[in-house]
Amino acid sequence: WLVGRTLAPLVDVAILTQAQISRALPVAELAAASEGMWRESLVAPDVTTALALARDRAGEGDCLLITGSFYVVGEAMTLLRCAPSVPRQQ
């Protein structure tokens with residue numbers, strides 16, 4: 001929660017979501033636990049929907065910050081086609 005509390009004053013809209021893995025914290029629980037932390041928050045059932053909401057809400061000059069678990073960030077990186085390539089060992 002430290003990251004959220006640190007970022008909250010800088011965030012206009014937080015879009016809360018969950019990774020598509022069985023161990024993920026359900027987004028409804030995340031929203032309930034962080035209630036009152038954000039100026040405004042939206043809930044998205046998955047990273048794909050969260051990215052679409054973020055793109056729709058962002059204005060010119062806005063910055064999108066994706067944070068959370070490695071799973072959420074990894075899904076976002078794949079969708080944004082910016083996943084790093086891992087060099088093959090020879």
Side-chain angles (χ1 to χ4, degrees):
W1 297 112
L2 180 60
V3 172
R5 292 193 194 289
T6 301
L7 293 175
L10 306 172
V11 173
D12 292 325
V13 180
I15 301 173
L16 309 174
T17 192
Q18 69 183 63
Q20 297 304 298
I21 60 168
S22 61
R23 299 181 335 185
L25 177 69
V27 69
E29 289 183 33
L30 175 61
S34 65
E35 188 173 346
M37 183 184 299
W38 312 105
R39 288 181 216 164
E40 179 183 356
S41 64
L42 304 172
V43 172
D46 53 55
V47 175
T48 301
T49 305
L51 284 174
L53 281 170
R55 286 177 166 163
D56 287 347
R57 295 290 302 251
E60 186 175 329
D62 282 346
C63 175
L64 300 180
L65 171 66
I66 300 168
T67 186
S69 71
F70 287 122
Y71 297 102
V72 168
V73 173
E75 288 179 30
M77 289 177 71
T78 298
L79 290 166
L80 295 169
R81 295 189 177 117
C82 62
S85 59
V86 178
R88 296 181 186 203
Q89 292 185 353
Q90 296 182 2

Q. Would a hydrophobic clustering, with Ile, Leu, Val, Met, Phe, Trp and Tyr connected at side-chain separations under 4.5 Å, put Val43 with Leu25?
A. yes
Q) Is a side-chain N or O of Thr17 found less than 3.5 angstrom from the main chain of Ala44, in a donor-acceptor match? A) yes
Q) Between the side chain of Ser69 and the main-chain N/O of Val72, is any donor-acceptor distance below 3.5 Å? A) yes
Q. With a 4.5 Å limit on heavy-atom distance, are the side chains of Glu75 and Gln18 in contact?
A. no
Q) Side chains of Leu65 and Leu7: closer than 4.5 Å at any heavy-atom pair? A) yes
(Q) For Glu40, is the CD atom crowded, meaning more than 12 foreign heavy atoms sit under 6.0 Å from it? (A) yes
Q: Spell out, as yes or no, whether a donor-acceptor pair under 3.5 Å connects the side chain of Thr49 to the backbone of Pro45.
A: no
Q. What closest approach, in Å, do Trp38 and Ala14 show between heavy atoms, and which atom pair accounts for it?
A. CD2-CB, 3.4 Å
**Q.** Leu80/Thr78 under side-chain contact (heavy atoms from CB on, under 4.5 Å): CA gap, chis, key distance, verdict
**A.** CA-CA 5 Å; Leu80 295 169; Thr78 298; over 6 Å; no
Q.
Measuring only between side-chain heavy atoms, which start at C-beta, is Leu16 closer than 4.5 Å to Leu42?
A. no
Q: State, yes or no, whether a side-chain contact exists between Asp46 and Gln20 at a heavy-atom distance under 4.5 Å.
A: yes
Q: May I ask you to test the Val11-Arg39 pair for a side-chain heavy-atom distance under 4.5 Å?
A: no
Q | Val47 with Leu53, same ILVMFWY side-chain cluster at under 4.5 Å | A | no
**Q.** Note, Ile66 side chain near Leu51 side chain (heavy atom, < 4.5 Å)
**A.** yes
Q. Would Tyr71 end up clustered with Val73 when hydrophobic side chains under 4.5 Å apart are linked, directly or stepwise?
A. no
